[in-house]
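Notes for the one structure printed next.
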Amino acid sequence: QVQLVESGGGLVQAGGSLRLSCAASGRTFSTHPMGWFRQAPGKEREFVGAISRSGGTTRYADSVKGRFTISRDNAKNTVYLQMISLKPEDTAVYYCAAAIRTSVDTVAVTSDSYHYWGPGTQVTVSS
């Protein structure tokens with residue numbers, strides 16, 4: 001069982017930056033591929049980025065590529081989402097998620113690959 005808690009959300013002006021953190025409980029964090037998703041009001045939840053268990057492989061949605069960077073610190077049981085050049089369309093609740101444990105250093109990009117979810121943190125970008 002993995003419990004996840006996001007932090008770092010808030011209100012920022014367009015062009016600004018935020019770094020989200022996701023702290024995980026348990027001793028198996030380093031065996032879980034991790035991901036970030038977001039859901040804007042009235043829209044479906046969408047994939048933002050994913051990182052493999054080692055951190056050696058990452059994948060991003062086209063809409064955030066070049067602006068968002070996902071990283072992880074397995075010693076701290078934490079995954080991060082660094083966001084720069086934020087746009088009003090980035091406004092959403094951001095969720096951290098953990099995929100099922102794997103021995104392969106791969107990423108997961110679909111929400112049905114993720115079994116554990118945090119409660120989310122609100123990011124609001126004003127124009």
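Positions are given from 1, in the same order as the sequence printed here. Only heavy atoms go into these numbers, but all of them, side chains included; no hydrogens, no water, no symmetry mates.
- In this structure, the side chain of Gln3 does not engage the main chain of Ser25 through any donor-acceptor pair within 3.5 Å.
- At least one donor-acceptor pair closer than 3.5 Å links the side chain of His32 to the backbone N or O of Ala99.
- Between Ala24 and Leu4, the closest heavy-atom pair is CB-CD2, 3.6 Å.
- Listed here is the closest heavy atom pair of Cys96 and Val79: SG-CG1, 3.7 Å.
- Crowding of Arg59 atom CZ: a count of heavy atoms from other residues, nucleotides or ligands under 6.0 Å not exceeding 12.
- Closest approach of Arg38 and Ala92 over heavy atoms only: CB-CB, 3.8 Å.
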Anything under 3.5 Å between a donor and an acceptor, one on a side chain of residues 9-21, the other on a protein residue two or more places apart or in another chain? List them.
none

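- Not a single side chain to side chain donor-acceptor pair (under 3.5 Å) links Tyr95 to another residue, sequence neighbours left out.
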Working note: Asp62 + Lys65, criterion salt bridge (Lys or Arg N to Asp or Glu O under 4.0 Å); need CA distance, chi angles, decisive distance, verdict. CA-CA 5 Å; Asp62 288 343; Lys65 204 171 292 182; 3.0 Å; yes

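- In this pair, Phe37 and Phe47 present their aromatic rings perpendicular. The plane angle is above 60°, beyond the 30 to 60° band.
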side-chain contact (heavy atoms from CB on, under 4.5 Å) assessment of Gln39 paired with Tyr94: CA-CA 7 Å; Gln39 187 167 19; Tyr94 283 71; over 6 Å; no

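- Put simply, the side chain of Asp105 never gets that close to the backbone of Thr57: no donor and acceptor are under 3.5 Å apart.
- With sequence neighbours left out, Glu89 forms a salt bridge (Lys or Arg N to Asp or Glu O under 4.0 Å) with no residue at all.
- One N or O on the side chain of Arg53 and one on the backbone of Thr102 form a donor-acceptor pair closer than 3.5 Å.
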